[in-house]
Amino acid sequence: MNGNIYQPVEMRIERAKDEAPEVRTLRLAFAHAPDREAFFRRYRVGMFGLYGVPGEGESTFCVASPPGRDYIECTFRRAGRVTAALLDREVGHPVTFRGPYGNHFPIESWRGKDLLFVAGGIGLPPLRSVIWNILDRRAEFGRVAVVYGARTVADLVYKDELAGWAGRSDVELVTTVDPGGETPDWKGRVGFVPTVLKEMPAAAPGAAALVCGPPIMIRLSLPVLSGLGFRPTAIYSTLENRMKCGVGKCGRCNVGGVYVCKDGPVFTLEEIQRLPQADL
Amino acid sequence: MKSLSADRLQDLAAALSAAGYRVVAPVEADGVVRFAPWSPGAAIRTDAVPVNSLKDVFFPPSEAIGRWRRSGDGFDAIETRPEAPKTAALAARPCDVAALAMLDAVFNWDFRDSFYDARRAATVVAALACSEADEECFCTSVGGRPDAAPGADALLRPADGGRTLIVEPLTDQGRDLAAAASGVLQDGAAAPDAPPEVRRRFDIGRVGAWLAGNFDSPLWKELSLPCLGCAACAYACPACHCFDIQDESGPNGVVRLRNWDACGLGLFTLHASGHNPRPDQASRWRQRVMHKLAYAPERFKVAACTGCGRCGRVCPRGMSLADTAERIAAAAAPAAGPAAGVPA
Ligand code: FES
């Protein structure tokens, strides 16, 4: 273990897809096969990586694609210098990647169980890897329901995939936009995610709920989920603390006794409730 | 018993230098005693605690962790290795040596930091037992001692009223160092000096108990009021290890640097969205204290404070970790009567 843990590997942009205003998905192929093999040996859904452009820096996002592909995908919104640089890169250009880092969703423990995904806006990418991982192994899991909302129709990400899921009989998909965010031909629901969530069936024994999205959406969805019978140990989310190193050294992601980059980013609601709330 | 005359530390440094060691030691430049590379002729000062700590030897303020050359739309990575010459760190204080336990832990849990580790492996640490403790010193409150450095490779122990330094090798590396310096060491008995009394004291158990249940206490605001958020305390601290990563670009290439950072600085946790989970100095000072005295002991089984007192010596507003700990200890036990020197 004498390697430089801060040395990223080289990736090549294979595809770039604009999802929503200032939101893009990059499909990245590993420039070198051993890097790809090393990545997929360790990768489990929920883990994150640092995507970078030398000279601009690195930025942390989840890996939005599941295992079993020969590429990885990330979806991000323009927020600062690094994301702007990543948006400037074109298909065929190289970027850098470090990872996978962090813990993962305990999907093996969900075999045979029902799963409810609740996402808002740009909160779908961290759950998309899980959803595809489950769909790839569909027979091993129980019911799969997805409640996904955004401010406006334009802000919904992965529109093609949503259409695909809507057409599947083994996925229950509810899409919604905030009041006023609909277009004349919008066929989904109009209403906030927590409101729409109330209509979902009660949790079956062992069911898990995964929630990602804006803090206000999460906050208002939690009581609804507990009303549906999900206990704090059965509700999962990801923390989005600021990170620099990703490997438990730089101290930036520390909150309470936890290093989000090592102990997270995936936590149960029960674990999140034990952290000092003011520091989140 | 091997020893040397206390005024021959420079000769020891010269012997080690001749034996191929780069020597770092408390040397004076421009009226300031700093832990810095020793060069022939420079006096080694054992009468002052250096303003910087031993940490700098292993974890410098700024260092390259990546390099790239531009090529068309892309860039070629240039392998970046740590600079880790064979080094002897002379006359480091026991509190600085104690902080290596924290640094070793954080740079090696799970992922191993090759930059830190390379210098750690290449460096032999010869500690100097203290002859004096000033009003900022509080090592004995956080598990340390002024006259022992269990993490060092060798200990220089003052003897004969400060005229002699007994050389006590503690590891193989320390024995190698003593062997390399054998020309300046003498045999014969010397009477070790009594360790100084460290007068500043607080009950760390009481502080820990208070920290466990008082995250939302209004005392944090009061404790942090003088804080300017300058981070001088973090940079002087032997156990603080937070860093930032920044890229610097030139026309031909890029260097990625890791630079010291500090949880007391306002930008530390600022998100690109504008949200800052620690928006004020009270929450930042709380994080600093909690990390040192609650989170690090919980996670790494070692406090990230060794009582060196540098924070108190460098703070432009007179704050210090000891002062905070004393006030917390007092708040933890209001019924026990006022502790010495603690304002009610
Ligand atoms: S991101 Fe550096 S410690 Fe977690």
Side-chain angles (χ1 to χ4, degrees), chain A residues 1-10 12 31 50 52-59 77-85 89-90 92-96 98 101 214-215 240-259 261-263 275-280, chain B residues 65-70 72-77 79-82 106-118 215-216 240-250 253-256 258 261-263 268-273 275-278 283 286-287 290-291 294-296 298-299:
Chain A
M1 288 281 287
N2 295 318
N4 175 357
I5 55 172
Y6 306 103
Q7 185 66 53
V9 302
E10 189 184 331
R12 210 151 281 277
L50 283 94
V53 177
E56 306 299 333
E58 295 177 306
S59 208
R77 187 197 305 275
R78 179 195 296 267
R81 179 173 165 183
V82 179
T83 46
R89 305 248 93 192
E90 291 163 17
H93 284 176
V95 297
T96 67
R98 285 198 283 135
Y101 293 144
E240 312 274 310
N241 287 45
R242 225 187 129 192
M243 299 188 195
K244 258 306 169 177
C245 72
V247 288
K249 314 282 178 230
C250 76
R252 192 160 314 240
C253 71
N254 171 249
V255 51
V258 154
Y259 283 75
C261 70
K262 294 269 293 118
D263 305 311
L275 295 175
Q277 301 299 302
D279 258 10
L280 287 176
Chain B
I65 55 170
R67 284 192 183 84
W68 289 267
R69 226 187 327 267
R70 293 187 195 284
D73 287 323
F75 30 77
D76 298 319
E79 195 181 337
T80 310
R81 291 172 170 281
V106 80
F107 283 118
N108 284 287
W109 63 307
D110 193 351
F111 294 95
R112 304 177 87 82
D113 189 299
S114 54
F115 295 88
Y116 175 85
D117 286 354
F215 192 86
D216 297 313
C240 272
H241 57 270
C242 287
F243 61 82
D244 189 19
I245 300 176
Q246 287 292 336
D247 287 8
E248 283 184 3
S249 310
V254 170
V255 55
R256 179 162 293 164
R258 83 148 142 220
D261 205 342
C263 60
F268 190 65
T269 49
L270 181 66
H271 291 216
S273 67
H275 171 64
N276 193 344
R278 296 192 197 109
S283 56
R286 174 177 63 196
Q287 167 67 13
M290 290 295 289
H291 195 185
Y295 308 152
E298 174 188 326
R299 173 56 62 121

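Both backbone and side-chain heavy atoms feed into the values below; hydrogens, waters and symmetry mates do not. Chain A is the first sequence line, chain B the second, and so forth, proteins listed ahead of strands; every chain is numbered from 1.
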Worksheet item: Taking atom CH2 of B:W68 and atom OG1 of A:T96, what is their separation to the nearest 0.5 Å?
Response: 6.0 Å

Practice prompt. Mind checking ring pair (Phe, Tyr, Trp, His ring centres under 6.0 Å) for B:H291 and listing every partner two or more places apart, or none if nothing turns up?
Written response: B:H241

Discussion item. Let's test your reading of the structure: which of B:Q287, B:R286, B:E248 forms the most heavy-atom pairs below 4.5 Å with chain A?
Written reply: B:Q287

Worksheet item: Which atoms form the tightest heavy-atom contact between B:I245 and A:C245, and what is the distance?
Response: CD1-CA, 4.2 Å

Worksheet item: Top residue by heavy-atom pair count (under 4.5 Å) with chain B, among A:P94, A:G80, A:G251?
Response: A:P94

Item to complete: Decide yes or no for A:K244 and B:D261: does some side-chain heavy atom of the first lie under 4.5 Å from some side-chain heavy atom of the second?
Response: no

Fill in: Heavy-atom closest pair, residues A:K262 and B:D110
NZ-OD2, 2.7 Å

Worksheet entry | Under 4.5 Å from any heavy atom of chain A - which part of B:F215 | side chain

Worksheet item: So how far is it from A:N254 CG to B:C242 SG, rounded to the nearest 0.5 Å?
Response: 7.5 Å

Worksheet, complete the sentence: Heavy atoms of B:W109 and A:G248 approach each other most closely as NE1-O, 2.8 Å

Worksheet item: What is the distance from atom CD of A:E58 to atom CD of B:Q246, rounded to the nearest 0.5 Å?
Response: 11.0 Å

Worksheet entry | Heavy-atom contact with chain A under 4.5 Å, split by part of B:Y116 | neither

Worksheet item: Do the non-hydrogen side-chain atoms of B:M290 and A:D279 ever get within less than 4.5 Å of each other?
Response: no

Discussion item. Is it the case that the side chain of B:R112 and the backbone of A:I5 share a donor-acceptor pair, with hydrogens and angles ignored and the cut-off at 3.5 Å?
Written reply: no

Worksheet item: Is it the case that B:R256 and A:Y6 place a side-chain donor and acceptor less than 3.5 Å from each other?
Response: no

Fill in: Contact winner vs chain A - B:N276, B:T80, B:D113, B:N108, heavy-atom pairs under 4.5 Å
B:D113

Discussion item. Looking at every non-hydrogen atom in both residues, tell me the closest pair between A:L280 and B:H275 and how far apart they are.
Written reply: O-NE2, 3.6 Å

Fill in: Modelled atom types, side-chain donor and acceptor of B:E79 and A:N4, under 3.5 Å
no

Worksheet entry | Nearest heavy-atom neighbours spanning B:R278 and A:V255 | NH2-CA, 4.2 Å

Discussion item. Looking at B:F268, is its backbone amide N or carbonyl O close enough to the side chain of A:R252 to form a donor-acceptor pair, meaning the two atoms are under 3.5 Å apart?
Written reply: yes

Worksheet, complete the sentence: Heaviest contributor of heavy-atom pairs below 4.5 Å to chain B, chosen from A:H93, A:R77, A:Q7, is A:H93

Fill in: Partner residues of B:Y295 under the ring pair (Phe, Tyr, Trp, His ring centres under 6.0 Å) criterion, sequence neighbours left out
none

Discussion item. Is A:E240 close to chain B through its backbone or its side chain, or both, or neither, when contacts mean heavy atoms under 4.5 Å?
Written reply: backbone

Discussion item. Looking at B:D247 and A:R81, is any side-chain nitrogen of the basic one under 4.0 Å from a carboxylate oxygen of the acidic one?
Written reply: no

Response to the item:
B:V106 and A:K249 have their tightest heavy-atom pair at O-NZ, 3.0 Å

Practice prompt. Measure A:Q277 against the heavy atoms of chain B and call it side chain, backbone, both or neither at under 4.5 Å.
Written response: neither

